[in-house]
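A quick note: this is a predicted structure, and the numbers were derived from the prediction, not measured. Because only heavy atoms are used, hydrogens play no part in the values below, and waters and symmetry mates are left out as well, while side chains stay in.
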Amino acid sequence: MVALLGRPRKSHLLKDRATTGTIFGHRSGRVSLAIQEDPHSPPLFVIELPMHTAVFHKEMASDIVRIALESETLSYKKKLMEEFVWAVYCNGRKMGYSIRRKSLSEDEIHVMQLLRGVSMGAGVLPPAGKEAAAAVDGGGEVTYIRARFERVVGSKDSEALYMINPDGAAGAELSLFFVRAH
């Protein structure tokens with residue numbers, strides 16, 4: 001039996017330094033980005049991106065998505081991921097500005113609780129509570145993509161997160177860049 005199944009090998013997907021990233025949003029709303037150390041821990045970084053969910057889906061269909069968040073704050077007392085105001089770029093186009101939040105909204109808490117057991121994947125979540133009764137056209141449904149990311153720290157002013165595709169499978173490439181401008 002061991003000869004048929006092969007030897008167990010360590011998975012490169014669950015490296016200690018791999019980070020979980022979740023991008024989610026209502027079909028008719030904007031997408032949010034949550035970054036966690038692992039799927040069971042609370043998010044370290046939460047921000048609503050100035051991008052509608054439909055626009056994000058269109059960008060993901062192009063197979064390569066690069067989202068850059070640039071902080072123009074001149075204070076060096078904070079760690080990069082603790083900055084509050086971010087200019088957001090998607091594939092080179094400026095999308096607008098976002099503010100990092102310290103706490104999650106009720107909708108975001110609901111989404112994170114539903115995805116707690118999911119380490120990676122994409123799909124649609126049903127609407128929560130009051131939205132469930134009112135949702136007729138799918139506007140209350142939440143779409144999500146959740147993946148493991150390899151974190152690369154370039155300096156105290158730059159970090160990058162590169163999506164890890166399972167077992168080298170072909171698929172969309174998603175990269176997140178965090179930069180503090182000088």
Side-chain angles (χ1 to χ4, degrees), residues 12-13 18-37 39 43-72 80-81 83-101 104-105 107-112 114-115 118-128 131 135 137-154 157-181:
H12 68 282
L13 298 176
T19 301
T20 300
T22 308
I23 298 177
F24 59 95
H26 291 276
R27 288 188 188 264
S28 59
R30 297 184 187 274
V31 292
S32 294
L33 167 66
I35 298 173
Q36 302 165 270
E37 285 300 319
L44 302 170
F45 184 88
V46 179
I47 192 167
E48 183 179 71
L49 301 174
M51 180 185 316
H52 286 282
T53 305
V55 172
F56 178 72
H57 290 170
K58 187 176 178 182
E59 293 292 340
M60 284 300 291
S62 71
D63 286 342
I64 297 177
V65 179
R66 302 204 190 310
I67 297 175
L69 287 88
E70 181 179 300
S71 173
E72 297 170 356
L80 179 63
M81 299 296 271
E83 295 292 351
F84 282 100
V85 180
W86 296 89
V88 179
Y89 299 83
C90 182
N91 288 339
R93 290 185 307 278
K94 188 169 188 174
M95 304 305 285
Y97 287 90
S98 288
I99 297 175
R100 180 182 65 87
R101 292 196 307 275
L104 298 162
S105 70
D107 284 344
E108 292 167 336
I109 290 170
H110 176 73
V111 169
M112 299 311 282
L114 287 175
L115 295 177
V118 177
S119 60
M120 64 179 59
V124 179
L125 300 172
E131 293 177 355
D137 62 352
E141 295 177 335
V142 175
T143 61
Y144 73 92
I145 179 170
R146 183 170 230 189
R148 302 283 289 166
F149 287 82
E150 182 177 356
R151 179 181 242 153
V152 178
V153 177
D157 296 324
S158 67
E159 289 187 28
L161 297 173
Y162 299 99
M163 186 170 71
I164 301 169
N165 284 328
D167 296 327
E173 182 180 318
L174 176 61
S175 303
L176 306 169
F177 302 96
F178 298 86
V179 179
R180 185 174 11 223

Legend entry - Contacts of Phe84 that satisfy side chain to side chain contact (heavy atoms under 4.5 Å, CB included) - sequence neighbours left out: Lys78, Arg100, Lys102
Legend entry - Ile35 side chain near Phe178 side chain, heavy-atom distance below 4.5 Å: yes
Inset, instruction - Given side chain to side chain donor-acceptor pair (under 3.5 Å), test Ser119 with Arg148 step by step and report yes or no. - result: CA-CA 7 Å; Ser119 60; Arg148 302 283 289 166; over 6 Å; no
Inset, instruction - Measure the shortest side-chain to side-chain distance between His57 and Thr143 over non-hydrogen atoms and say whether it is less than 4.5 angstrom. - result: yes
Inset, instruction - Please name the pair of heavy atoms, one in Ser98 and one in Val88, separated by the smallest distance, quoted to 0.1 Å. - result: OG-CG2, 3.8 Å
Inset, instruction - Specify the closest pair of heavy atoms between Ala34 and Phe24, including all atoms of both residues, with the distance to one decimal. - result: CB-CE2, 4.2 Å
Inset, instruction - With rounding to the nearest 0.5 Å, note down the distance linking CE in Met163 to CD in Glu150. - result: 13.0 Å
Inset, instruction - Look only at the side chain of Asn91 and the backbone of Arg66, and say whether a donor-acceptor pair between them is shorter than 3.5 Å. - result: yes
Legend entry - Student check: side-chain heavy atoms of Val55 and Met95 closer than 4.5 Å: yes
Inset, instruction - Considering non-hydrogen atoms only, spot the tightest contact between Val124 and Tyr144 and give its length. - result: N-CE2, 4.0 Å
Inset, instruction - Would you name the heavy atoms of Met120 and Ala147 that are closest together and state the gap between them? - result: CB-CA, 4.0 Å
Legend entry - Partner of Val111 by side chain to side chain contact (heavy atoms under 4.5 Å, CB included), out of Leu114, Asp107, Leu115: Leu115
Inset, instruction - Taking the six-membered ring for Trp and the single ring otherwise, decide whether the centroids of Phe177 and Tyr89 are under 6.0 Å apart. - result: no
Inset, instruction - Find the distance between CE (Met51) and OG (Ser32) and round it off to the nearest 0.5 Å. - result: 11.5 Å
Inset, instruction - Check step by step if side-chain contact (heavy atoms from CB on, under 4.5 Å) holds for Glu141 and Leu125. - result: CA-CA 6 Å; Glu141 295 177 335; Leu125 300 172; over 6 Å; no
Legend entry - Close side-chain approach of Glu159 to Val152, heavy-atom, < 4.5 Å: no
Inset, instruction - Answer yes when Glu37 and Arg151 have at least one side-chain N-carboxylate O distance shorter than 4.0 Å, and no when they do not. - result: yes
Legend entry - Phe149 and Thr20, any side-chain heavy atoms less than 4.5 Å apart: no
Inset, instruction - May I ask you to decide if Leu80's main-chain N or O and Glu83's side chain share a donor-acceptor pair within less than 3.5 Å? - result: no
Legend entry - Pro43 and Leu104, any side-chain heavy atoms less than 4.5 Å apart: yes
Legend entry - Atom pair OG (Ser28) and NE2 (His52), whose distance is rounded to the nearest 0.5 Å: 9.5 Å
Legend entry - Derivation of the side-chain contact (heavy atoms from CB on, under 4.5 Å) call for Ser71 and Val179: CA-CA 6 Å; Ser71 173; Val179 179; over 6 Å; no
Legend entry - For the student: nearest non-hydrogen atoms of Gln36 and Thr19, plus distance: O-CG2, 2.9 Å
Inset, instruction - Look up atom CD in Glu70 and atom OG in Ser158, then write down how far apart they are to the nearest 0.5 Å. - result: 11.5 Å
Legend entry - Phe56 and Ile67, any side-chain heavy atoms less than 4.5 Å apart: yes
Legend entry - Reported CG-to-CG distance for the pair Leu174 and Leu161, which is rounded to 0.5 angstrom: 9.0 Å
Legend entry - Distance, nearest 0.5 Å, that separates CD1 of Ile145 from CE of Met60: 3.5 Å
Legend entry - Closest contact, heavy atoms only, Arg27 versus Thr53: O-CB, 3.9 Å
Legend entry - Ile99/Ile47 under side-chain contact (heavy atoms from CB on, under 4.5 Å): CA gap, chis, key distance, verdict: CA-CA 6 Å; Ile99 297 175; Ile47 192 167; over 6 Å; no
Inset, instruction - Taking the side chain as every heavy atom from C-beta outward, state whether Glu72 and Tyr97 have any pair of such atoms under 4.5 Å apart. - result: yes
Legend entry - Partners meeting side-chain hydrogen bond (donor to acceptor under 3.5 Å, both in side chains) with Thr22 (sequence neighbours left out): Arg146
